[in-house]
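Structure first, then comments.
Because the structure is a prediction, the values reported are computed rather than measured.
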Amino acid sequence: EHVRKIAILGRIEADKAVFVRAEAPGRISDVVVKRGARVQAGDVLVKIDPENLPALLAEARARLEQRKIAYDSAKKLSKGGYSSQLSVAQAKADMEAARAQVSGMQRDMENTTITAPFAGVVDELPVEAGDYNDKAGAIVARVIDLTTMNAVGEVVEHDIGFIDLGGVAEVGLPDGRILQGRVSFIAKSSNALTRTFRVEVTMDVADGSVPEGVTAELHLPLERVVAHKISSALLTLNDEGAVGVKTVNDDNVVVFHPVEMVSDATDGIWLTGLPHEARIITVGQEFVAEGQPVIPVEGELKTQHSAVGLVGGKGN
């Protein structure tokens, strides 16, 4: 049994990558980190000048205290019959409006300090101290998590049905490293132009040593098949040009078996099309034809199969 695999070229992407945006307009007063710095969740990245927000917040808090006192007084007067329910309701509405104003200003104050959403590396930092963001939503940084990376590739429609979600896959990197991961995503719709499907393999990289954007070779497992591993030197062609392997049957007659390569290895190739047990001709296969009786000589080959050389044959 052999797991058929395919190898496709792709690229490495960070599993978590976020553009950090300013939630409040204002002038950048301080850029706390540098590009490339490692940060923890909650670390301060950039500060925005609050300008007169502290004074406005103090005023709003004082107004809230005033409205609380007014509301308490209205309730007491209402109990004594000196104030109407409408006055009490109005005082309560004024107090809640002041409370909402304080809450909004507190949020605006918090938004002047921009922090990292998770632990990672500051990959981009497009602002400097003194820059002015005239609206909320401006990008101030990009943070990526390098401890979990995705190898992303495109698989043709012929093979996509054989890939299992959660299957173990290998990813080859330009520096020669081979990392293991699991198939974490298989697209349900194809690219309209290429008719290929996006596949992602997620890998744990504790040391954060795999940069985003590098080329990757994804080795994806497909279906399990019964295959043989032989040397590619044993392949031959028949008269119709089909690729195959010549064997000798129990009657010492040459048999040609068309084969299909499943995958290659450093010490041979995996292929299907041979019978479960086979005596493969390793020497002289080019000098005999299918159906020809031969005198085989058993040889030694470091494989699961018998190997035979040929001595003589029909017509010598």
Closest non-hydrogen contact found for Ala24 with Asn111 is CB-CB, 4.1 Å
Glu260, CD atom: more than 12 neighbouring heavy atoms under 6.0 Å: no
State whether the side chain of Arg38 and the backbone N or O of Val121 hold a donor-acceptor pair below 3.5 Å, judged by distance alone. no
CG/Leu274 to CD1/Ile280 distance, rounded to the nearest 0.5 angstrom? 5.5 Å
Are the side chain of His228 and the backbone N or O of Gly273 linked by a donor-acceptor pair below 3.5 Å? no
Evaluate the side-chain proximity of Val143 to Leu45: yes if any heavy-atom separation is below 4.5 Å, no if none is. yes
From Met149 CE over to Arg11 CZ, what is the distance, rounded to the nearest 0.5 angstrom? 9.5 Å
Examine distances only and state if a side-chain atom of Asp72 and a backbone atom of Ile69 form a donor-acceptor pair shorter than 3.5 Å. no
Listed partners of Asp123 passing side-chain hydrogen bond (donor to acceptor under 3.5 Å, both in side chains), at least two apart: Arg142
Evaluate Val199 against Ile160 for side-chain contact (heavy atoms from CB on, under 4.5 Å), listing each step before the verdict. CA-CA 9 Å; Val199 173; Ile160 194 65; 3.8 Å; yes
Result for side chain to side chain contact (heavy atoms under 4.5 Å, CB included) between Ile114 and one of Ile28, Val44, Val127, Ile48 points to Ile48
Where do Ile230 and Ile269 land on the side-chain contact (heavy atoms from CB on, under 4.5 Å) test, with the steps shown first? CA-CA 6 Å; Ile230 66 171; Ile269 58 173; 4.2 Å; yes
Using a side-chain heavy atom cutoff under 4.5 Å and only I, L, V, M, F, W and Y, what cluster partners does Phe19 have? Ile139
Could you go step by step and tell me if Asp15 and Asp145 meet the side-chain contact (heavy atoms from CB on, under 4.5 Å) rule? CA-CA 7 Å; Asp15 187 56; Asp145 177 10; over 6 Å; no
With sequence neighbours left out, write down each residue that passes salt bridge (Lys or Arg N to Asp or Glu O under 4.0 Å) with Arg4, or none if nothing qualifies. Asp159, Glu223
Under 30°, 30 to 60°, or over 60°: which ring-plane class applies to Trp270 and His2, parallel, tilted or perpendicular? parallel
Within this structure, what is the NE2-OG1 distance for the pair His257 and Thr272, rounded to the nearest 0.5 Å? 12.5 Å
Any non-hydrogen side-chain atom of Lys229 less than 4.5 Å from a side-chain atom of Asp267? yes
Can you tell if the side chain of Leu179 reaches within under 4.5 Å of the side chain of Val201, non-hydrogen atoms only? no
Out of curiosity, Glu290 CD to Thr247 OG1, how far, rounded to the nearest 0.5 Å? 9.0 Å
Check Pro296 against Asn252 and note the closest heavy-atom contact, atom names and distance. CG-OD1, 3.4 Å
Just so I know, are the side chains of Leu173 and Ile12 near enough to count as touching, which here means a heavy-atom distance under 4.5 Å? yes
Would you say Arg182's side chain and Gly166's backbone share a donor-acceptor pair under 3.5 angstrom? yes
Is there side-chain contact between Met203 and Gln180, with at least one heavy-atom pair below 4.5 Å? no
Pair Ser263-His219, side-chain donor/acceptor within less than 3.5 Å: no
What closest approach, in Å, do Ala227 and Val262 show between heavy atoms, and which atom pair accounts for it? CB-CG2, 4.5 Å
Over all atoms of both residues, closest heavy-atom pair of Ala74 and Val88: O-CG2, 3.4 Å
Nearest-0.5 Å distance, CG of residue Asp108 to CG of residue Leu57: 9.5 Å
Look at Arg21 together with Glu23 and state whether they make a salt bridge at an N to O cut-off of under 4.0 Å. no
Check whether Asn150 reaches the backbone of Val152 with its side chain - one donor and one acceptor, N or O, closer than 3.5 Å. no
State yes or no: do Leu9 and Val156 share one hydrophobic cluster built from I, L, V, M, F, W and Y residues joined by side-chain heavy-atom distances below 4.5 Å, directly or via other members? no
Are Leu222 and Ile8 linked, directly or through other ILVMFWY residues, by side chains that come within less than 4.5 angstrom of each other? yes
Val168 with Val171, same ILVMFWY side-chain cluster at under 4.5 Å: no
Before giving the answer on side-chain contact (heavy atoms from CB on, under 4.5 Å), spell out for Asp204 and Thr148 the whole-Å C-alpha distance, their side-chain angles and the decisive distance to 0.1 Å. CA-CA 5 Å; Asp204 291 329; Thr148 304; 4.0 Å; yes
More than 12 heavy atoms of other residues, nucleotides or ligands under 6.0 Å from CD of Glu286: yes or no? yes
Would you call Arg99-Glu96 a salt bridge at under 4.0 Å N-O? yes
Rounding to 0.5 Å, atoms CG (Leu56) and CE (Met109) come to a distance of 10.5 Å
Has Asp239 got more than 12 heavy atoms of other residues, nucleotides or ligands less than 6.0 Å from its CG? no
Using only atom types and a distance under 3.5 Å, with no angle test, would you say the side chain of Asp164 pairs donor to acceptor with the backbone of Gly167? no
ILVMFWY cluster, Val140 and Ile144 together (side-chain gap under 4.5 Å): no
If only atom types and distance count, is the side chain of Asp175 paired as donor or acceptor with the main-chain N or O of Arg177 below 3.5 Å? yes
I'd like to know if Glu59 pairs up with Arg63 as an ion pair, taking the criterion as any Lys NZ or Arg NE/NH1/NH2 lying under 4.0 Å from an Asp or Glu carboxylate oxygen. yes
Measuring only between side-chain heavy atoms, which start at C-beta, is Val155 closer than 4.5 Å to Thr196? no
Please name the pair of heavy atoms, one in Ala41 and one in Pro117, separated by the smallest distance, quoted to 0.1 Å. CB-O, 4.1 Å
Common cluster, Phe118/Leu125, ILVMFWY with side-chain heavy-atom separation under 4.5 Å: yes
Tightest non-hydrogen contact, residues Thr202 and Ser184, listed as OG1-OG, 2.6 Å
Using modelled atom types only, decide if a donor and an acceptor are shared between the side chain of Lys246 and the backbone of Val288 within a distance under 3.5 Å. yes
List the steps, then state whether salt bridge (charged side-chain N to carboxylate O under 4.0 Å, His left out) holds for Arg107 with Glu110. CA-CA 5 Å; Arg107 185 174 61 252; Glu110 292 171 358; over 6 Å; no
